[in-house]
Number of protein chains: 2
Amino acid sequence: MLPEWVFDADDRSFMAAAIAEAEAAAARGEVPVGAVVTLGGEIVARSGNRRQEQSDPAAHAEIIALREAGRVVGDWRLSNCTLYVTLEPCPMCAATCREARLQLVIWGAEDERAGAFGSVIDLAADPRLGPPLAHRGGLEEDRCRELLLRFFAKQRQSS
Amino acid sequence: MLPEWVFDADDRSFMAAAIAEAEAAAARGEVPVGAVVTLGGEIVARSGNRRQEQSDPAAHAEIIALREAGRVVGDWRLSNCTLYVTLEPCPMCAATCREARLQLVIWGAEDERAGAFGSVIDLAADPRLGPPLAHRGGLEEDRCRELLLRFFAKQRQSS
């Protein structure tokens with residue numbers, strides 16, 4: 001986790017777009033996580049979590065956004081792209097970030113239950129998987145975590 | 001890796017279907033890996049690798065087949081399903097198998113470069129990720145490996 005001042009105005013603006021995707025996911029009844037992929041300072045793909053809606057085990061926000069970015073760029077190798085995501089990626093998404101050869105991942109809140117960028121396991125730095133994947137956590141951490149806490153509190157109330 | 005006699009006639013027939021998907025992938029110029037998902041003794045989804053064709057970093061055979069199985073079953077939780085795949089899954093696919101709550105994964109050849117069921121890392125047994133994911137490797141190992149060796153030998157010739 002890095003202090004907020006590490007990030008610049010562009011980072012904040014892209015994370016705001018990811019947060020908007022997370023909010024839209026919550027409105028659809030999905031666990032509120034959102035992601036955007038940027039290339040050359042522009043957003044090329046964005047998505048919220050759609051796992052329930054699509055009955056798709058791989059429909060986390062990151063993977064939908066990375067798949068869309070591949071289509072836009074015309075290459076599954078997204079070596080010049082950055083992913084912004086509101087929550088520390090799970091092992092599936094962390095490994096997909098590696099597969100996509102992303103330049104950088106910037107994430108919001110820690111996931112102490114399933115985070116794969118250091119919280120539970122570290123698939124970014126594990127030397128057996130090759131060179132480390134660059135990532136920075138903690139951008140808009142409080143807002144990203146609050147969205148999740150509010151969603152799960154509401155779920156508990158209605159169950 | 002288990003001896004061949006561990007597997008039964010159904011296992012062999014489902015792996016043959018996965019191998020057919022791998023062969024079709026090779027014919028499309030994709031790294032020849034194939035997968036099928038079964039439920040109650042029937043194939044509910046099948047795919048070969050389509051990463052180049054779809055410019056999709058997540059378009060490994062396993063993930064396409066698991067996404068399709070989710071749509072068919074109407075649930076991203078595939079707790080009663082088995083995945084057959086010709087190659088030991090990579091970290092992305094191994095973690096997706098966990099996310100899908102698969103009952104069992106049966107795989108063909110070891111992947112010494114990227115295998116995540118024990119060859120390079122072990123995402124099936126890592127206790128930090130929860131209860132272990134059941135899997136058995138080595139079914140039709142020689143055929144599965146040969147397909148890959150032939151594909152890469154041909155690629156080297158033409159480059």
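Everything numeric in this text was worked out from a predicted model, so none of it was measured.
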Inset, instruction - Could you look at Arg77(A) and say if it's the side chain, the backbone, both or neither that has a heavy atom under 4.5 Å from chain B? - result: side chain

Legend entry - The single option from Glu140(A), His135(A), Glu141(A) passing side-chain hydrogen bond (donor to acceptor under 3.5 Å, both in side chains) against Trp107(A): His135(A)

Inset, instruction - State, yes or no, whether a side-chain contact exists between Leu104(A) and Arg136(A) at a heavy-atom distance under 4.5 Å. - result: yes

Inset, instruction - Could you tell me whether the side chain of Arg12(A) and the main chain of Phe7(A) form a donor-acceptor pair under 3.5 Å? - result: yes

Inset, instruction - Output the option from Val73(A), Val120(A), Ile121(A) having the highest count of non-hydrogen pairs under 4.5 Å with chain B. - result: Ile121(A)

Legend entry - Contact class of Ile63(A) relative to chain B, heavy atoms under 4.5 angstrom: side chain

Legend entry - Result of checking Glu21(B), Glu23(B), Glu53(B) against Arg28(B) for salt bridge (Lys or Arg N to Asp or Glu O under 4.0 Å): Glu53(B)

Inset, instruction - Can you tell which part of Cys97(A) gets under 4.5 Å to a heavy atom of chain B, answering side chain, backbone, both or neither? - result: neither

Legend entry - Option among Leu87(B), Asn49(B), Val33(B) that satisfies the side-chain contact (heavy atoms from CB on, under 4.5 Å) test with His60(B): Asn49(B)

Legend entry - Top contributor to chain B interface from Arg113(A), Glu68(A), Gln52(A) [non-hydrogen pairs under 4.5 Å]: Gln52(A)

Inset, instruction - Among the options Ala95(B), Pro57(B), Ala58(B), Ser55(B), pick out the one with the most heavy-atom pairs lying under 4.5 Å from chain A. - result: Ser55(B)

